[in-house]
Amino acid sequence: MARTVAPVYDPQAIEPKWRDAWKKAGLFRVVEDSSKPKFYNLVMFPYPSGPLHMGHFRNYVIGDAIARYKVMRGFNVLNPFGWDAFGLPAENAAIVSGIPPRVSIEGNIAISKHELDIMGVLYGWEREVTTCNADYYKWTQWLFLKFLEMGLAYKQKAAVNWCPKDNTVLANEQIVNGVCWRCGTKPTKKELEQWFFRITAYAQRLLDDLSKLDRWPERVRVMQANWIGRSEGADLEFAVDGDRSLRVFTTRPDTVFGATFMVIAPEHELVQKIPTKDRRRDVDAYVEQTKAETEIERLSTEHEKTGVFTGAYAINPFTNERIPIWVADYVLATYGTGAIMAVPAHDARDFEFAKKYQLPIRPVISPTPTPGATPLEAAFESYDGFLVNSGPYSGLNVKDGMAKIITEAAARGIGTRTVIYRLRDWLISRQRYWGVPIPVVYCPDHGMVPVPTNQLPVPLPDHVEFRSDGQNPLAHTPEFVDTTCPRCGKPARRDTDTMDTFVDSSWYFLRYADPHNQTLPFDKAKVDYWMPVDQYIGGIEHAILHLLYSRFFMKALYDAKMVSVDEPFAALFSQGMIQRNGAVMSKSKGNGVTPDQLVERYGADTARVYELFIGPPELDAEWNDRGVDGVARFLNRVWRLVVGEEDEAIAEANRVSAEDLTRKLHETINRVTRDVDAFRFNTAVSALMELTNLMQDYLQGGGRRDQAWEAAALGMTRMLGPFAPHLAEELWRRQGGEGLLVFQPWPELDEALLHRPQVTIVIQVDGRLRDRVEMPAGAVQADAQQRALQSANVQRALDGRRVARAVYVPDRLINLVTE
RNA sequence: GCGGGCGUAGCCGAAUUGGUACAGGCGCACGGCUUAGGACCGUGUGGCGCAAGCCAUGGGGGUUCGAGUCCCUUCGCCCGCACCA
């Protein structure tokens with residue numbers, strides 16, 4: 001074997017010095033430079049929760065590898081980092097411990113920074129952004145005022161989701177599976193005056209522009225499209241007893257002749273107005289009963305539909321029939337108009353309800369132009385059919401029927417074509433302390449008055465008294481609340497709500513482009529140079545929330561002419577989670593592996609390479625302690641090969657020619673380059689392992705440390721740069737390299753060297769592998785066929801049969817097909 | 001229920017996109033080195049078979065000279081969304 005007298009690979013001895021060298025050299029300290037292509041590399045900034053484990057590190061290692069790779073490829077790389085530092089955990093901890101959030105956050109940031117540092121994960125720290133610092137949230141407030149000015153921020157009383165545990169309201173997006181996304185508590189409904197951002201004004205653009213995001217994961221785009229939830233249909237107006245009317249939204253106006261009853265939500269305004277005397281008591285009781293149901297209970301498909309008749313009737317404007325109006329919990333007040341025309345024959349929910357309460361079911365769509373004779377056993381919901389029992393429209397197909405019915409409704413002034421969205425406006429106010437104060441004041445004379453931008457920031461007091469009753473401490477801090485009206489100077493009160501932390505994270509990537517700007521959130525020219533983010537990396541848990549909000553911000557700022565692109569993230573990568581002992585790594589489960597443990601035992605490079613090698617980066621992976629050993633062996637082997645001096649050829653070893661070694665080097669360059677560009681780090685590492693194995697065979701087979709060997713060693717060193725940067729720097733220096741490897745160019749592929757003079761041709765008979773022969777590359781079919789026929793194996797397989805034809809794939813295989 | 005994805009050695013996983021199935025790692029076996037080692041180094045390693053060969057990418061069927069890859073069908077698993085009219 002290759003035995004060496006060189007020093008052993010000792011990561012602890014080499015890693016710190018290279019980290020210092022990178023910092024001294026200003027790696028990732030960048031300015032706008034039009035002479036180089038830019039690359040904006042970004043990992044989602046974290047909430048600083050203290051110690052990090054290797055589950056957290058997967059995206060940081062990937063991000064660092066990409067950033068270093070792009071530097072070697074000659075890009076001007078912006079690679080910043082920061083902290084999403086506002087939010088509930090620090091505040092909740094403060095209530096228990098008494099430690100002010102700012103203090104605990106700063107401590108946590110220091111701890112996290114240390115872990116990033118010892119892993120060799122480096123950023124352009126001079127652009128660090130911390131959302132809870134006044135020099136950042138001043139501009140969050142500024143942008144709020146901008147939105148207010150643009151009509152994109154408004155205050156409204158609404159029935160909102162209230163989390164009783166967190167004592168605050170939640171946005172619709174923050175109700176996950178019917179419970180609070182943060183603490184899992186069932187939210188209740190509250191009528192409150194709240195601030196909203198008008199994200200619905202951008203619903204169509206947010207939907208349309210998903211098609212531009214061709215470098216986003218398909219599933220994220222699908223999730224966003226579902227969330228926006230566009231539905232096309234029509235609004236139709238039904239006359240109701242007593243001079244009233246009831247507006248409904250339907251996606252199936254073509255089925256209006258089959259509308260045999262109406263349903264309104266328990267919260268619908270008509271519920272108070274239309275019930276007949278004899279029904280009033282039942283209706284009131286029913287409404288009370290539905291109030292007691294939680295949102296999840298009511299929204300569950302398992303939930304059996306209930307409802308009561310109001311005693312009132314509507315007129316179907318197409319059939320002129322009087323149809324009963326019911327109140328039922330399966331109709332939601334918050335979608336469409338809060339009322340529906342029920343067409344039980346063609347809607348499964350209406351069908352179920354009609355069956356239960358014995359309401360008429362009238363088929364008006366049929367798979368054939370003539371009505372079916374037998375009663376329906378289930379709703380026929382297909383669009384593939386013809387109108388029947390539909391007066392003048394009978395016989396038309398669904399598409400034509402729909403168009404004509406809408407036209408008639410419009411002509412009669414009782415309906416219009418409509419598009420609605422499931423997306424709601426973004427509720428941004430939170431009744432909590434640790435967030436950005438909403439910069440408005442309330443004056444007895446002038447009402448709500450925005451704080452002038454030259455008076456920003458509205459500072460968040462560092463010291464407040466936390467209350468055991470869960471009320472917002474800001475509301476009980478007179479120094480904060482009591483102020484003067486910016487317009488008249490008389491005493492006024494500040495708004496004591498703070499902003500959802502997703503507001504902070506909706507624009508931090510813009511601040512990185514110009515982090516120290518004292519006069520604006522950012523300079524347009526600088527943002528125009530860097531944006532969009534070329535590669536965004538982060539967890540799938542933000543598929544809707546953060547990514548949708550940021551897209552909305554970008555479009556709003558585009559409309560405000562503050563930026564020149566309207567999509568923030570050109571490419572998105574969502575890494576899988578790391579599990580250990582069958583569960584996602586987490587502090588609470590106690591199954592985490594920390595950087596400190598790994599760095600101490602193996603060094604940062606082994607930890608980094610293992611994280612990349614563990615599996616396809618987009619999939620969840622199981623942490624295997626023995627797998628780490630395997631990577632450590634690999635890096636040790638590289639070290640011995642490159643740094644070692646004496647080698648013993650092994651008598652029985654396979655000989656590897658210099659040409660083979662050189663070809664393998666270039667094959668590896670080809671593969672690793674392709675793999676890194678495609679985020680296939682696991683196979684990139686495999687390719688480097690293969691090259692290492694062949695380099696070892698070369699020496700063991702009697703090869704010298706000649707030119708071919710040195711080229712392979714240097715190529716290996718450069719390619720290790722993004723993955724095992726400390727080791728790579730050390731090897732680079734020990735091979736006589738000048739300067740820092742991190743600034744060296746990525747190795748260049750020489751396509752000509754990929755060419756093999758000899759190739760193995762696979763010989764098949766009737767598609768079955770029978771033999772293989774070595775031939776010169778580029779052989780013509782006749783030669784290959786002749787060689788194939790000379791094979792004894794082939795003759796045995798043919799067994800006297802005649803070859804009818806042959807399929808030849810040059811340099812790969814020949815398939816002899818018998819009759 | 002709807003939408004998206006996945007199923008390959010004992011385990012994690014490769015496969016140039018229709019052309020040698022299983023690269024690389026783990027594990028395992030044997031050997032070397034060692035006072036010793038669960039350290040380190042090397043060799044081997046899909047199953048059956050003495051061999052020729054046969055079988056093998058969840059199951060079944062199809063297209064093709066040729067299928068892990070394409071089509072149909074079926075089973076299982078994961079992830080979204082879920083009474084959105």
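Hydrogens, waters and symmetry mates play no part in the numbers below; they use all other heavy atoms, side chains included. Residue numbering restarts at 1 for every chain, and letters A, B, ... go by the order of the sequence lines.
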> Taking the minimum atom-to-atom distance to the side chain of A/Q696, which one of B/C41, B/C65, B/G24 wins?
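Between B/C41, B/C65, B/G24, the one nearest the side chain of A/Q696 would be B/C41.
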
> Under a 3.5 Å cut-off for both distances, is B/G49 Watson-Crick or wobble paired, and to whom?
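Its partner is none (no Watson-Crick or G-U wobble pair with both distances under 3.5 Å).
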
> Please tell me which of the listed nucleotides, B/C65, B/U43, B/G19, lies nearest to the side chain of A/L813?
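Out of B/C65, B/U43, B/G19, the nucleotide with an atom closest to A/L813's side chain is B/G19.
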
> Rounded to whole angstroms, how far apart are CD on A/Q579 and C1' on B/C12?
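Interatomic distance, CD of A/Q579 to C1' of B/C12: 13 Å.
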
> For nucleotides B/G31 and B/G76, find the distance between their P atoms and express it as a whole number of Å.
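Approximately 47 Å lies between the P atom of B/G31 and that of B/G76.
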
> Roughly how far apart, to the nearest Å, are B/C71 and B/C54 at atom C1'?
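Roughly 28 Å separates the two C1' atoms.
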
> Has A/R252 got its NZ or CZ under 6.0 Å from the middle of the six-membered ring of A/Y383, at an angle within 45 degrees of the ring axis?
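Yes, A/R252 lies over the aromatic ring of A/Y383.
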
> Using whole Å, what does the distance between atom C1' of nucleotide B/A85 and atom CD1 of A/I264 come to?
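Rounding to the nearest Å, CD1 of A/I264 and C1' of B/A85 are 15 Å apart.
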
> For B/U8, is chi within 90° of 0 (syn) or not (anti)?
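Here the answer is anti: the torsion falls beyond 90° from 0.
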
> If I take atom CE in residue A/M775 and atom P in nucleotide B/U20, what distance separates them, rounded to the nearest angstrom?
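Answer to the nearest Å: 18 Å.
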
> Of the options B/G25, B/G53, B/C83, whose atoms approach the side-chain atoms of A/M689 most closely?
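Selected nucleotide: B/G25.
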
> May I ask you to decide if the ring planes of A/Y357 and A/W326 are parallel, tilted or perpendicular, using 30° and 60° as cut-offs?
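Taking A/W326 first and then A/Y357, their aromatic rings sit tilted (interplane angle of 30° to 60°).
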
> Measure from CZ on A/F238 to P on B/A85 and round the result to the nearest Å.
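Result: 16 Å.
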
> Using every non-hydrogen atom in the two residues, find where A/V584 and A/N591 come nearest and quote the distance to one decimal.
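In this case the closest contact between A/V584 and A/N591 is O-ND2, 3.5 Å.
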
> Using atom C1' in both nucleotides, what's the gap between B/A9 and B/G68 to the nearest angstrom?
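B/A9 and B/G68 have their C1' atoms separated by 14 Å.
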
> Considering only B/A85, B/U20, B/U43, which nucleotide approaches the side chain of A/L769 most closely?
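So the nucleotide nearest the side chain must be B/U20.
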
> Heavy atoms under 4.0 Å, any strand shown: does A/E622 hit a base, just sugar-phosphate, or nothing?
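Result for A/E622 = nothing.
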
> Counting the atoms with a prime plus P, OP1 and OP2 as sugar-phosphate, which does A/D629 contact under 4.0 Å by heavy atoms, base, sugar-phosphate, or nothing?
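Nothing: the residue A/D629, judged by heavy atoms under 4.0 Å, touches no strand.
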
> Between B/A85, B/C81, B/A14, spot the one nearest the side chain of A/Y335, thanks.
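Comparing B/A85, B/C81, B/A14 against the side chain of A/Y335, the answer is B/A85.
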
> Is there a donor N/O on one and an acceptor N/O on the other, under 3.5 Å, for the side chain of A/R812 and the base of B/U16?
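Checked by distance alone, the answer is yes.
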
> How many Å lie between CG on A/D625 and C1' on B/C12, as a whole number?
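A/D625 atom CG is separated from B/C12 atom C1' by 14 Å.
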
> Would you call the rings of A/H346 and A/F380 parallel, tilted or perpendicular, taking 30° and 60° as the class edges?
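The arrangement is perpendicular - the two ring planes meet at more than 60°.
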
> Distance between the C1' atoms of B/C81 and B/A14, in whole angstroms?
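Straight-line distance between the two C1' atoms is 34 Å.
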
> Could you please name the partner base of B/A23, counting Watson-Crick and G-U wobble pairs only when both distances are under 3.5 Å?
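Because no pair has both required distances under 3.5 Å, B/A23 counts as unpaired.
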
> With a 3.5 Å cut-off and heavy atoms only, can you find an N or O donor on one side and an acceptor on the other between the side chain of A/N815 and the base of B/C65?
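Such a pair exists between side chain and base.
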
> Could you tell me whether A/V809 contacts a base, only the sugar-phosphate backbone, or nothing, with contacts defined as non-hydrogen atoms closer than 4.0 Å?
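The answer is base, as A/V809 lies within the cut-off (heavy atoms under 4.0 Å) of a base atom.
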
> Considering only atom C1', compute the distance from B/U16 to B/G4 and round it to an integer number of Å.
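After rounding to an integer number of Å, I get 27 Å for this pair.
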
> On a whole-Å scale, what distance lies between the C1' atoms belonging to B/C11 and B/C2?
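These two C1' atoms come out 35 Å apart once rounded.
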
> Side chain of A/D347 only, please: which of B/U43, B/A85, B/A23 is the nearest?
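Of all the options, the side chain of A/D347 is nearest to B/A85.
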
> Please determine, for B/C28, whether a Watson-Crick or G-U wobble partner exists with both distances under 3.5 Å, and give it or none.
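B/G44 - that is the nucleotide pairing with B/C28, both distances being under 3.5 Å.
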
> What does A/G630 touch in the nucleic acid at a heavy-atom separation under 4.0 angstrom: a base, only the sugar-phosphate, or nothing?
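Sugar-phosphate, backbone atoms only, no base.
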
> So what does A/I614 touch, heavy atoms closer than 4.0 Å: a base, only the sugar-phosphate, or nothing?
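Sugar-phosphate: the residue A/I614, judged by heavy atoms under 4.0 Å, touches backbone atoms but no base.
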
> Give a yes or no on whether the ring-centroid distance for A/F679 and A/F681 is below 6.0 angstrom.
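Yes, they do, as the ring centres are separated by less than 6.0 Å.
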
> Who is the Watson-Crick or G-U wobble partner of B/G76, with both distances under 3.5 Å?
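WC or wobble partner is B/C6.
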
> Using the C1' atom as the reference point in each nucleotide, state the distance between B/C70 and B/U63 in Å, no decimals.
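Approximately 8 Å lies between the C1' atom of B/C70 and that of B/U63.
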
> Using a strict threshold of under 4.0 Å (side-chain N to carboxylate O), is an ion pair present between A/R221 and A/E218?
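So A/E218 pairs with A/R221 through a salt bridge.
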
> From the options B/C41, B/C54, B/C65, select the nucleotide whose nearest atom is closest to the side chain of A/R805.
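Per side-chain heavy atoms of A/R805, the pick is B/C65.
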
> Just name whichever nucleotide pairs with B/G37, Watson-Crick or G-U, keeping both distances under 3.5 Å, else none.
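The base-pairing partner of B/G37, which may sit in any strand shown, does not exist here.
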
> Are A/R768 and A/D766 close enough for a salt bridge, meaning some N to O gap below 4.0 Å?
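Salt bridge flag = no for A/D766 with A/R768.
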
> Considering only atom C1', compute the distance from B/U45 to B/C22 and round it to an integer number of Å.
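Looking at atom C1' only, B/U45 and B/C22 are 12 Å apart.
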
> Among A/T255, A/L246, A/D350, find the one that has a side-chain contact (heavy atoms from CB on, under 4.5 Å) with A/M341.
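The residue from A/T255, A/L246, A/D350 that satisfies side-chain contact (heavy atoms from CB on, under 4.5 Å) with A/M341 turns out to be A/T255.
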
> So, does A/R768 get its side chain near the phosphate of B/C55, meaning an N or O under 4.0 Å from OP1 or OP2?
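Answer is yes, contact under 4.0 Å.
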
> What nucleic acid atoms does A/R796 come within less than 4.0 Å of, heavy atoms only: base, sugar-phosphate, or nothing?
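Sugar-phosphate contact only - A/R796 comes under 4.0 Å of backbone atoms but never of a base.
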
> Classify the nucleic acid contact of A/V817 as base, sugar-phosphate or nothing, counting any heavy atom under 4.0 Å across all strands shown.
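Sugar-phosphate: the residue A/V817, judged by heavy atoms under 4.0 Å, touches backbone atoms but no base.
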
> Between B/A85, B/G4, B/G24, spot the one nearest the side chain of A/R219, thanks.
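Given the options B/A85, B/G4, B/G24, the side chain of A/R219 is closest to B/G4.
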
> Among B/G24, B/A82, B/A14, which nucleotide sits nearest the side chain of A/N682?
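Of the options given, the side chain of A/N682 lies nearest B/A14.
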
> How close or far is atom C1' of B/G10 from atom CZ of A/R626, stated in whole angstroms?
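Rounded to whole Å, this separation is 15 Å.
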
> When you measure from the side chain of A/R770, which nucleotide among B/G42, B/A85, B/C54 comes out closest?
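Of B/G42, B/A85, B/C54, B/C54 is nearest to the side chain of A/R770.
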
> For the pair A/E667 and A/R756, find out whether any cationic side-chain nitrogen is under 4.0 Å from an anionic carboxylate oxygen.
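Yes, A/E667 and A/R756 are salt-bridged.
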
> Return the pairing partner of B/C83 with a 3.5 Å limit on both distances, Watson-Crick or G-U wobble; otherwise return none.
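Partner of B/C83: none.
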
